J.: 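Before I ask anything, here is the structure I am working with.
Every chain is numbered from 1 and lettered A, B, ... according to where its sequence line falls, protein lines coming before strand lines. As the structure is a computational prediction, the values presented were derived from the model and not from experiment.
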2 protein chains.
Amino acid sequence: MDSTMVIRALGALSQEHRLAAFRLLVQAGGAGMPAGAIAEKLGLAASSMSFHLAALANAGLVTQRRQSRLIIYSANYDVMNALMGYLTENCCGGVPCTTEEMCCPPPMPTAMTCKKDVA
Amino acid sequence: MDSTMVIRALGALSQEHRLAAFRLLVQAGGAGMPAGAIAEKLGLAASSMSFHLAALANAGLVTQRRQSRLIIYSANYDVMNALMGYLTENCCGGVPCTTEEMCCPPPMPTAMTCKKDVA
DNA sequence: CCTAAATTTCAACTGTTATGGAAATATGAC
DNA sequence: GTCATATTTCCATAACAGTTGAAATTTAGG
């Protein structure tokens with residue numbers, strides 16, 4: 001993940017309604033939610049919601065799939081997981097910490113998707 | 001950490017020069033860097049750099065201390081670590097995953113500060 | 001086909017963000 | 001005190017983000 005992608009992902013999440021929508025989708029898991037349901041839950045006009053969901057999708061934070069007339073959005077956990085890794089890269093100049101306490105966070109699991117939803 | 005703090009932190013990092021400055025400080029560790037050195041490294045005017053560092057400080061991502069004529073900035077790892085926790089809260093509706101593979105990332109170490117710098 | 005429903009695209013407006021030069025502030029050296 | 005250095009604050013300008021209503025698009029049902 002390069003800096004451009006990181007900036008787009010962070011920028012997408014740094015907005016009240018987009019952050020709320022993303023959290024909603026994280027909690028919804030692999031089942032996801034249709035655009036209309038998200039808009040209703042957040043009290044936003046459909047056009048505004050569409051605008052924000054497009055921003056999240058553009059950043060790779062959510063994926064969309066059509067199911068009949070609905071467009072279902074789901075969180076893409078992998079992209080979010082890549083953020084912290086980028087931010088903490090070469091933490092403290094890469095100098096290994098001398099104590100048993102860690103300096104940098106450990107890598108996160110690459111697969112955060114609920115198996116039950118994938119099945 | 002509440003949503004307002006999260007949005008400010010994410011917003012602070014979602015900008016080319018601020019992201020670069022923050023990463024520089026993460027790599028500098030507890031020693032930090034003076035404002036002028038950061039500006040020079042990033043090729044920014046002093047006033048622009050000051051603007052961005054103020055944004056990072058406002059979000060709690062960096063701290064500042066004066067050392068003679070220099071103002072030294074350092075990364076505040078704790079705030080950044082709190083972001084992912086917020087974003088992954090109640091992942092997948094809080095339903096525990098049925099397989100051995102994890103659904104949500106594990107909590108990160110609260111102390112990411114290099115002991116060698118603190119000493 | 002024609003109509004309804006779900007979503008996106010477009011257009012216009014408003015508010016905020018990023019920028020660098022100039023001036024102000026704070027510290028240290030002589 | 002005076003001067004040089006480091007940083008911030010102020011100002012004006014240019015670009016971008018967020019909002020909604022109306023129109024266009026896509027799919028489903030009768």
J.: Looking at R69(B), does any N or O in its side chain come under 4.0 Å of the phosphate oxygens OP1/OP2 on dA29(C)?
T.: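 So the side chain of R69(B) is outside the cut-off, no N or O lying under 4.0 Å from OP1 or OP2 of dA29(C).
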J.: Using whole Å, report how far CG of L10(A) lies from P of dT17(C).
T.: 16 Å
J.: Base, sugar-phosphate, or nothing: which does S48(A) touch, judged by heavy atoms less than 4.0 Å apart?
T.: base
J.: Among dT8(C), dT20(D), dT19(C), which nucleotide has an atom closest to any side-chain atom of A46(A)?
T.: dT8(C)
J.: Which heavy atom in M49(A) sits nearest to a heavy atom in I38(A), and how many Å separate them?
T.: SD-CG2, 3.7 Å
J.: Quick one: the dot-bracket string of DNA chain D, using Watson-Crick and G-U wobble pairs with both distances under 3.5 Å, [ ] for crossing pairs and | for bases paired to another strand.
T.: ||||||||||||||||||||||||||||||
J.: Could you state the atom-to-atom distance from CZ of R66(B) to P of dA26(C) in whole Å?
T.: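 These atoms are roughly 9 Å apart.
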J.: Work out which heavy atom in A20(B) is nearest to a heavy atom in L42(B); give both atom names and the distance.
T.: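 Nearest pair, atom of A20(B) first, then L42(B): CB-CD2, 3.8 Å.
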J.: So which heavy atom on Y73(A) is nearest to which on V62(A), and how close?
T.: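 The answer is CD2-CG2, 3.8 Å.
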J.: Set out, in order, the CA-CA distance, both residues' side-chain angles and the distance that settles side-chain contact (heavy atoms from CB on, under 4.5 Å) for M33(A) and L24(A), then state yes or no.
T.: CA-CA 8 Å; M33(A) 285 177 74; L24(A) 221 47; 3.9 Å; yes
J.: Within less than 4.0 Å of OP1 or OP2 of dT8(D), is there a side-chain N or O belonging to Y73(B)?
T.: yes
J.: Do any side-chain nitrogens or oxygens of H17(B) fall under 4.0 Å of OP1 or OP2 in dT19(C)?
T.: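 The answer is yes; a side-chain N or O of H17(B) sits under 4.0 Å from OP1 or OP2.
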J.: Check whether any side-chain nitrogen or oxygen of S68(B) sits under 4.0 Å from OP1 or OP2 of dG28(C), and answer yes or no.
T.: yes
J.: So does H52(B) get a side-chain nitrogen or oxygen closer than 4.0 Å to the phosphate oxygens (OP1/OP2) of dT19(C)?
T.: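 Yes, H52(B) has a side-chain N/O under 4.0 Å of OP1/OP2 on dT19(C).
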